[in-house]
Amino acid sequence: MLDTLKIRPFATLLLATALTACGEKGMTYGDANSVIAVTDAERWGEISQTVIDTLEQTIQTVRDEKAFTVTYQEPYAQYWNNLRRFRQMLLIGTQSDPWITEALDESSTDVDIEGPGVYQAKNAWARDQTITFVILPDDGSLDPLPRLLAEVSTMLDRQFRNYAASRMYMSGVNEALSDTLAAEVGFRILVPDVYRWQRQDSVVIFRNDQPDPSELIRQVMVTWRTPAPSSLSTEEIIAWRQSVADGLYNEPQELVEEGMSVEPVTLNGHEGMEIRTQWRNPPDRGWPAGGLVLMRTLTCDAQDRMYLIDAWLYAPGREKYEYLVQLETILGTFDCEV
């Protein structure tokens with residue numbers, strides 16, 4: 001079971017154990033989207049598929065990727081002392097179940113349980129830990145479980161998105177750049193301080209490839225057309241993007257039509273289209289590369305402009321959902337009413 005978990009190096013575990021032995025709560029470990037589900041073995045046999053189906057929903061990045069990974073732990077069993085210190089704990093049971101009462105007693109949060117429902121607390125067995133409780137009726141009925149798990153799924157995803165955005169902006173938000181762009185080119189967008197930027201005529205590129213561009217690149221491009229076209233087909237939007245990529249992107253990119261999604265989008269009152277797909281480098285480059293693409297067109301009537309905002313990621317060998325959330329967050333800050 002432990003092989004399936006994303007656990008920090010063993011030294012971290014030793015440190016956490018030593019601190020706990022001294023009566024202090026060690027730091028948590030595990031990723032923010034790795035959930036340890038806790039309930040008794042008999043109940044887990046009945047509900048495991050429901051829990052996994054609800055929480056392990058897939059997100060399309062360059063493949064179907066799980067937003068969250070669920071690992072079951074029987075309370076007080078072999079790995080309990082270690083796994084109860086994970087960052088994300090999901091405790092399912094009645095209010096009187098011992099692992100529920102223990103977590104409530106040890107938590108740094110006062111939680112008022114008012115019957116069956118979803119509750120959260122902090123730092124029961126480790127610092128920087130979130131414990132989500134699914135409290136069942138006193139008779140152990142599983143009837144409300146699907147509804148409660150759906151609430152958990154929505155809540156955890158919202159919290160993960162906030163976490164991903166906060167991590168991205170830990171370096172600071174470049175508000176001065178947003179003000180400069182508003183004054184000089186007519187739009188605002190909030191990128192982290194670590195993003196470099198360049199402008200060439202009506203194309204502005206923001207890029208973060210630190211520390212090693214062979215391992216991770218996040219890039220956002222903004223360009224526009226004046227006068228604004230009344231509408232553009234998907235093929236015309238892709239051709240527009242391709243014309244910029246061919247001239248200004250460091251590596252050639254070709255978009256993948258298979259699995260492409262095209263949906264209308266509205267942002268800050270401006271309407272347009274959103275395309276999600278993948279990019280790949282051409283076969284003649286000699287080495288395979290690719291990643292996800294998120295692009296939007298938005299029409300700004302006051303400026304008589306149609307904007308194209310293009311975000312792409314290169315992150316080989318890494319889970320990509322967190323980076324997708326970061327790019328979505330940046331694109332969500334775009335505004336042309338300045």
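Residue indices begin at 1 and follow the sequence shown.
Nearest heavy-atom pair, L267 versus F334, reported as atom, atom and distance to 0.1 Å: CD2-O, 3.6 Å. Counting all heavy atoms, side chain and backbone alike, Q73 lies closest to Q78 at NE2-N, 4.5 Å.
With 3.5 Å as the limit, one finds a donor-acceptor pair spanning the side chains of T132 and Q120. With no hydrogens or angles considered, no side-chain donor-acceptor pair links Y76 and N81 at under 3.5 Å. Judged purely by distance below 3.5 Å, without hydrogens or angles, the side chains of K122 and S107 never pair a donor atom with an acceptor atom. Judged purely by distance below 3.5 Å, without hydrogens or angles, the side chains of Q129 and R87 never pair a donor atom with an acceptor atom. For the residue pair D212/S214, the side-chain donor-acceptor check at 3.5 Å is satisfied.
Of the charged side-chain nitrogens involved, at least one lies within less than 4.0 Å of a carboxylate oxygen, so that R167 and E322 count as a salt-bridged pair. Looking at E102 and R84, a side-chain N of the basic residue comes within less than 4.0 Å of a carboxylate O on the acidic one, giving a salt bridge. In this structure, D310 pairs ionically with R241, as a charged nitrogen and a carboxylate oxygen lie closer than 4.0 Å. The pair E337-R188 fails the salt-bridge criterion, with no side-chain N (NZ, NE, NH1 or NH2) lying under 4.0 Å from an Asp/Glu carboxylate O.
Following chains of ILVMFWY side-chain contacts shorter than 4.5 Å, one cannot reach Y307 starting from V338, and the two form parts of different hydrophobic clusters. The hydrophobic clustering, which links ILVMFWY residues whose side-chain heavy atoms are closer than 4.5 Å, places V256 and Y249 apart.
In this structure, OG1 on T94 lies 9.5 Å from CG on D139, to the nearest 0.5 angstrom. Distance check: L294 CG to L331 CG gives 5.0 Å after rounding to the nearest 0.5 Å.
Note that R218 lies outside the cation-pi zone of W312, set by a 6.0 Å cut-off to the ring centre and a 45° limit from the axis. In this structure, R305 forms a cation-pi arrangement with W224, its terminal cationic atom sitting closer than 6.0 Å to the ring centre and no more than 45° off the ring axis.
The side-chain contact (heavy atoms from CB on, under 4.5 Å) with F206 is formed by just one residue from the set I189, I330, N174; it is I189.
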query = Please walk me through it: do R280 and E254 pass salt bridge (charged side-chain N to carboxylate O under 4.0 Å, His left out)?
reply = CA-CA 5 Å; R280 295 174 184 163; E254 296 177 351; over 6 Å; no
task = Determine, stepwise, if the pair D128 / Y29 fulfils side-chain hydrogen bond (donor to acceptor under 3.5 Å, both in side chains).
result = CA-CA 9 Å; D128 195 29; Y29 56 98; over 6 Å; no
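Using a 4.5 Å heavy-atom cutoff, the side chains of N33 and Q88 are not in contact.
Ring geometry for W279 against Y314 counts as tilted: the plane angle lies between 30° and 60°, on a 0 to 90° scale.
Around the CD atom of E56, the shell of radius 6.0 Å holds more than 12 heavy atoms that belong to other residues, nucleotides or ligands. Applying the 6.0 Å contact sphere to CZ of R276 captures more than 12 heavy atoms from other residues, nucleotides or ligands.
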